[in-house]
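Treat the numbers as computed from the prediction; the structure is a model and nothing was measured.
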Number of protein chains: 2
Amino acid sequence: MESSTAPGGRTRREATRQKLYEAAVTLIAEQGFSATTVDEIAERAGVAKGTVYYNFASKSVLFEELLRHGVGLLTASLREAVEDTARNGGSKVDALDAMIRAGLVFMDRYPSFTQLYVAELWRTNRAWQSTLMVVRQQAVAVVEGVLREGVDNGEFSAEIDVQLTAAALVGMVLVAALDWQAFQPERSLDDVHSALSRLLQGRVSGRP
Amino acid sequence: MESSTAPGGRTRREATRQKLYEAAVTLIAEQGFSATTVDEIAERAGVAKGTVYYNFASKSVLFEELLRHGVGLLTASLREAVEDTARNGGSKVDALDAMIRAGLVFMDRYPSFTQLYVAELWRTNRAWQSTLMVVRQQAVAVVEGVLREGVDNGEFSAEIDVQLTAAALVGMVLVAALDWQAFQPERSLDDVHSALSRLLQGRVSGRP
DNA sequence: GTTTTTGAACTGACTGGTCAGTGCAAAAAC
DNA sequence: GTTTTTGCACTGACCAGTCAGTTCAAAAAC
């Protein structure tokens with residue numbers, strides 16, 4: 001049994017799954033999981049309904065794998081940003097700043113995924129609740145790690161609450177990015193980034 | 001023929017609507033709008049399904065009025081916080097800090113509403129989209145107002161981006177509060193408040 | 001020849017919304 | 001002060017439509 005590979009090295013099946021992810025992510029971001037029908041997903045992906053069920057056990061499973069896939073990309077991107085600053089001898093604040101930028105870039109590239117993620121994260125009593133917890137923790141842990149290292153090396157106050165501060169930072173970026181997209185999409189990524197940098201470094205009050 | 005008033009002076013109808021709001025808010029926060037059935041709402045409120053439609057034109061209308069109701073409470077609370085600090089001769093940073101606290105208190109008291117609001121705010125193509133925009137703006141405008149006044153009186157740097165900064169601040173509080181509730185509910189409100197204060201005032205890096 | 005996809009038909013559970021009818025307390029009629 | 005009327009608030013069985021998931025024979029892709 002050998003899975004034939006398409007030009008890109010992906011199997012045919014993977015290509016189909018990718019199309020289904022892309023179709024599902026925009027539809028679910030717009031309408032929510034329950035309001036999105038499997039027929040719609042299949043139609044937008046340009047495949048037959050039977051194909052959806054050939055590739056995924058159920059609508060929920062498709063969604064769960066989509067979540068894992070997307071957060072995996074984000075986490076990898078955050079980690080890369082941290083490693084880059086470390087390689088260049090940057091401080092921990094630089095690492096946080098690089099992560100803010102990486103987050104903004106991700107949300108700029110995958111706005112639908114971001115919407116969908118925010119919309120589902122704090123729900124309770126849903127089938128994919130545990131999946132969501134796991135992937136969330138993967139991403140937030142990267143931020144927490146940098147904060148902790150900063151505390152250890154004395155760059156950050158020992159009194160900061162790592163967990164809460166990480167959550168607040170993530171929220172800051174998340175909501176600013178969503179507002180940017182929704183209400184002033186003409187702004188550049190650099191604009192948004194510098195506004196958030198300023199806030200991070202406490203340069204809101206006072207001068208320089 | 002007079003509309004009978006209950007002990008509190010509220011009409012019977014208003015009492016019923018309140019019960020429906022309360023039932024709807026928790027169910028929709030948990031499951032989302034589409035996944036919540038009118039039958040469920042009626043059952044939890046302890047009324048018949050027909051009563052829902054006697055009091056609201058449709059499921060969507062019930063939801064829209066619920067949104068207006070909830071954000072109205074939040075906005076009032078934020079305004080009050082600002083006025084209190086102004087009365088006591090506080091600075092604009094004090095006003096921001098008071099709003100952070102007011103936001104946390106609100107989210108502590110109405111966690112379900114907060115969940116539901118976040119989950120629906122950035123969706124597109126939904127019936128209540130415009131309602132949501134309006135109420136969001138009411139709330140965010142209070143924050144923007146304080147920032148603008150701070151810039152005018154020189155307390156804040158003239159270079160801050162009022163709109164983006166307001167959004168980021170709101171996001172910071174929102175996400176920190178949701179994470180607090182979801183992942184470490186044992187923490188006190190003061191704990192969370194001081195972590196956010198620290199971040200607001202740029203006391204993360206460095207010492208005191 | 002094996003894997004994957006197609007597409008249409010079907011099922012059975014569920015859902016938003018409807019509507020004829022009920023209960024009841026205040027008002028009107030007597 | 002008793003009887004009758006009024007209309008608001010509520011009820012719950014019912015209906016027409018929708019959707020996730022199944023099935024499968026045939027075709028296409030590899």
Item to check | A/Leu27 CG - D/dC19 C1' separation (whole Å) | outcome: 15 Å

Item to check | Under 4.0 angstrom between A/Thr37 side-chain N/O and D/dC19 OP1 or OP2 | outcome: no

Checklist outcome for this item: The reported gap from CE in B/Met172 to CG in A/Leu199 (rounded to nearest 0.5 angstrom) is 7.0 Å

Next on the checklist: Can you tell me if B/Thr51 touches the phosphate of D/dA9, counting only side-chain N or O atoms and a distance under 4.0 Å to OP1 or OP2?
Outcome noted: no

Item to check | Euclidean distance, B/Thr85 OG1 relative to B/Asp97 CG, rounded to 0.5 Å | outcome: 9.5 Å

Checklist entry - To the nearest angstrom, how far is A/Arg17 atom CZ from C/dT4 atom P? => result 11 Å

Checklist entry - Do we get A/Arg126 above A/Phe63's six-membered ring, with its NZ or CZ under 6.0 Å from the centre and within 45° of the axis? => result no

Checklist entry - In whole angstrom, what separates A/Tyr53's OH from D/dC19's C1'? => result 9 Å

Checklist entry - How many Å lie between OH on A/Tyr54 and C1' on C/dA8, as a whole number? => result 19 Å

Next on the checklist: Just checking A/Gln137: does its CD atom have more than 12 heavy atoms from other residues, nucleotides or ligands closer to it than 6.0 angstrom?
Outcome noted: yes

Checklist outcome for this item: Closest of C/dT3, D/dC10, C/dG17 to the B/Asn55 side chain is D/dC10

Next on the checklist: Quick check for you: among D/dG21, C/dG16, D/dG12, whose closest atom lies nearest to any side-chain atom of A/Lys59?
Outcome noted: D/dG21

Checklist outcome for this item: Of the candidates D/dT11, D/dT22, C/dT4, the side chain of B/Val47 sits closest to D/dT11

Checklist entry - If you look at every strand shown and take non-hydrogen atoms under 4.0 Å, does A/Ser60 touch a base, only sugar-phosphate, or nothing? => result nothing

Checklist outcome for this item: Whichever of A/Phe33 and A/Gly50 has the more 5' nearest nucleotide on DNA chain D, that residue is A/Phe33

Item to check | Nearest-Å distance for atom pair CZ/P, residues A/Phe56 and D/dT22 | outcome: 15 Å

Checklist outcome for this item: Taken to the nearest whole Å, NZ/B/Lys49 to P/C/dT15 is 9 Å

Checklist entry - Which one, D/dG21, C/dT6, C/dT5, comes nearest to the side chain of A/Ser58? => result D/dG21

Item to check | Base-pairing mate for D/dC30 - Watson-Crick or G-U, with both contacts under 3.5 Å | outcome: C/dG1

Next on the checklist: In whole Å, I'd like the distance from the CG atom of B/Asp39 to the P atom of C/dA13.
Outcome noted: 17 Å

Next on the checklist: Please confirm whether the shortest side-chain N or O distance from B/Thr16 to OP1 or OP2 of D/dC10 is below 4.0 Å.
Outcome noted: yes

Checklist entry - Just checking, A/Arg123 and A/Phe33: is the charged tip under 6.0 Å from the six-membered ring centre and within 45° of the axis? => result no

Checklist entry - Roughly, in whole Å, what's the span from CD in A/Glu40 to P in D/dC19? => result 7 Å

